[in-house]
**Student:** 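There's a structure below that I have some questions on.
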Amino acid sequence: ALLLSLAIFDDLGAVIVIALFYTDSLSMPSLLAAATLIAALFALNRAGVTRPSAYVLLGIALWIAVLKSGVHATLAGVVLAMFIPLRAAGSATSTATHLEQNLHPWVAFGVLPLFAFANAGVALQGFSIGNALEGVPLGIALGLFLGKQLGVMSSIWLAVQLRLAVLPAEVRWSQLYGMSLLTGIGFTMSLFVASLAFPAAQGGSLDRLGVLLGSLVSGVAGYAVLRLALSDRRADPRA
C-alpha cells in the first residue's frame, strides 16, 4: 500500500513539474475556459451527479482547453479525476470505481503498450559501454537509484522521529529500505519527462537508456534486499 501510494504521488509530482517547467507560452482565454470547466466539474460533484457521461464530456472539453492554453494537457486528466465521485449510495458502485473498471483493460492492453512501443526504444546502433557513463544517462540512472531511495527513506525516518507516523509492529527498516529501492523503477512518467527535457535532436536515446538502466538496477537491488529481509524474518519469527 505504501509503495502504491508513493507511486501515485510521484506521478502527480511529475505532472506538476511538467505543467510548471515545460510550458512555453500561456493563452489566457483558454486558461479561463479551463477554469470555468473545472468550476462546472466541482458543481457536478457537489450536486451528487454520478452519470459518467457528464464527467466525460466536460473532461474532453477541459483537455482541449488545457491543450490550447499552453499547459501540458496531462494536467487535465489529473484535475478531472479529482472531481469524479468516489462515494456511492448504498451498495452501488461509485462512478470512479465504475470508470476504473471499464478503462482498465483499455489502459493495460492498449494505452500502456502503445506508449512503451513509442517511447521506450533505445537505438543500439553504435552503442558502447561508454555511452552509459555519459552525463545524461548516468545522471538519470543515479537519480532513480540513489535519489529515490534517499528521498523515501529519509522522509520515512524523519516522519517516525518527529512522531508524525508510527512504524507498524511487523514492519522492519530493512523491508522499508527494499521498498524504497523499488521506487527507483521509472517508466511512463520518467520516459515522458526525459523526452520533454531531452528532445531527440539533442539527447538521442541516451535519456531513455538512463531510465532503463536506473530502473533495472533499482528493481534488482530492491528484490535482493526484500528477499534477504523476508528470509531473515522466516528464520526468526520473533523478528
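These values consider heavy atoms only, across backbone and side chains, with no hydrogens, waters or symmetry-generated copies. Everything numeric in this text was worked out from a predicted model, so none of it was measured. We're numbering straight along the sequence, starting at 1.
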**Student:** Would Tyr55 end up clustered with Val79 when hydrophobic side chains under 4.5 Å apart are linked, directly or stepwise?
**Tutor:** yes
**Student:** Can you confirm whether Ile156 sits close enough to Met179 that some side-chain heavy atom of one is under 4.5 Å from a side-chain heavy atom of the other?
**Tutor:** yes
**Student:** Would you say the side chain of Leu138 lies within less than 4.5 Å of the side chain of Leu213, judging by non-hydrogen atoms?
**Tutor:** no
**Student:** Write down the atom of Leu37, the atom of Ala65, and the distance for their closest heavy-atom approach.
**Tutor:** CD1-CB, 4.2 Å
**Student:** To check you understand the geometry: which heavy-atom pair defines the closest contact between Met153 and Ser180, and what is its length?
**Tutor:** CG-OG, 3.3 Å
**Student:** Does any non-hydrogen side-chain atom of Ser30 lie less than 4.5 Å from one of Val66?
**Tutor:** no
**Student:** In Å, rounded to the nearest 0.5 Å, how long is the span from CD1 of Ile38 to CG of Leu31?
**Tutor:** 9.5 Å
**Student:** Is Tyr223 reachable from Ile185 through a run of hydrophobic residues whose side-chain heavy atoms are each under 4.5 Å from the next?
**Tutor:** no
**Student:** Hey, any chance Leu41 and Val49 share a hydrophobic cluster, counting ILVMFWY side chains that come within less than 4.5 Å of each other, even indirectly?
**Tutor:** yes
**Student:** Sub-3.5 Å donor-acceptor pair from the side chain of Gln175 to the main-chain atoms of Arg172, do we have one?
**Tutor:** yes
**Student:** Provide the closest heavy-atom pair for Trp63 versus Ala76 in the form atom of the first, atom of the second, distance.
**Tutor:** CA-CB, 3.7 Å
**Student:** For Ser155, enumerate each residue passing the side-chain hydrogen bond (donor to acceptor under 3.5 Å, both in side chains) test, keeping only those at least two apart in sequence or located in another chain.
**Tutor:** none
**Student:** Look up atom CG in Leu12 and atom CE in Met82, then write down how far apart they are to the nearest 0.5 Å.
**Tutor:** 8.5 Å
**Student:** With Leu44 as reference, evaluate Leu58, Thr50, Ile84 under the side chain to side chain contact (heavy atoms under 4.5 Å, CB included) test and give the passing residue.
**Tutor:** Leu58
**Student:** Could you tell me whether the side chain of Leu2 reaches within less than 4.5 Å of the side chain of Leu176, counting heavy atoms only?
**Tutor:** yes
**Student:** Should Val217 and Leu181 be marked as a side chain to side chain contact (heavy atoms under 4.5 Å, CB included) after you check the CA-CA gap, both sets of side-chain angles, and the distance that decides it?
**Tutor:** CA-CA 9 Å; Val217 175; Leu181 284 168; over 6 Å; no
**Student:** Is there a path of hydrophobic side-chain contacts, each under 4.5 Å between heavy atoms, that joins Ile60 and Leu103?
**Tutor:** no
**Student:** How far does CG of Leu144 sit from OG1 of Thr183, to the nearest 0.5 angstrom?
**Tutor:** 9.0 Å
**Student:** My understanding is that only one of Leu209, Val211, Val193 makes a side chain to side chain contact (heavy atoms under 4.5 Å, CB included) with Ile140; could you say which?
**Tutor:** Val211
**Student:** In Å and rounded to the nearest 0.5 Å, what is the CG to CD1 distance from Leu3 to Ile8?
**Tutor:** 10.0 Å
**Student:** Taking side-chain hydrogen bond (donor to acceptor under 3.5 Å, both in side chains) as the test, write out the residues that go with Ser154, two or more places apart.
**Tutor:** none
**Student:** Between Phe9 and Leu4, is the side chain to side chain contact (heavy atoms under 4.5 Å, CB included) condition met? List the steps.
**Tutor:** CA-CA 9 Å; Phe9 282 106; Leu4 179 60; over 6 Å; no
**Student:** Are the side chains of Val152 and Leu6 in contact, using a 4.5 Å heavy-atom criterion?
**Tutor:** yes
**Student:** Say whether Leu164 and Val166 are linked into one hydrophobic cluster, either directly or through other cluster members, by side-chain heavy-atom distances under 4.5 angstrom.
**Tutor:** no
**Student:** Nearest 0.5 angstrom please: His104 NE2 to Phe109 CZ, how far?
**Tutor:** 6.0 Å
**Student:** Side chain to side chain contact (heavy atoms under 4.5 Å, CB included) between Thr95 and Arg51: does it pass, once the steps are laid out?
**Tutor:** CA-CA 7 Å; Thr95 306; Arg51 292 179 62 86; over 6 Å; no
**Student:** Supply the atom-to-atom distance Leu57 CG to Leu62 CG, rounded to the nearest 0.5 angstrom.
**Tutor:** 12.5 Å
**Student:** Between Ala229 and Ser174, which heavy-atom pair has the shortest distance, and what is it?
**Tutor:** CB-OG, 3.5 Å
**Student:** Which heavy-atom pair separates Pro85 from Ser94 by the least distance, and what is that distance?
**Tutor:** O-CB, 4.0 Å
**Student:** A quick test of your reading: do over 12 heavy atoms of other residues, nucleotides or ligands sit less than 6.0 Å from CH2 of Trp157?
**Tutor:** no
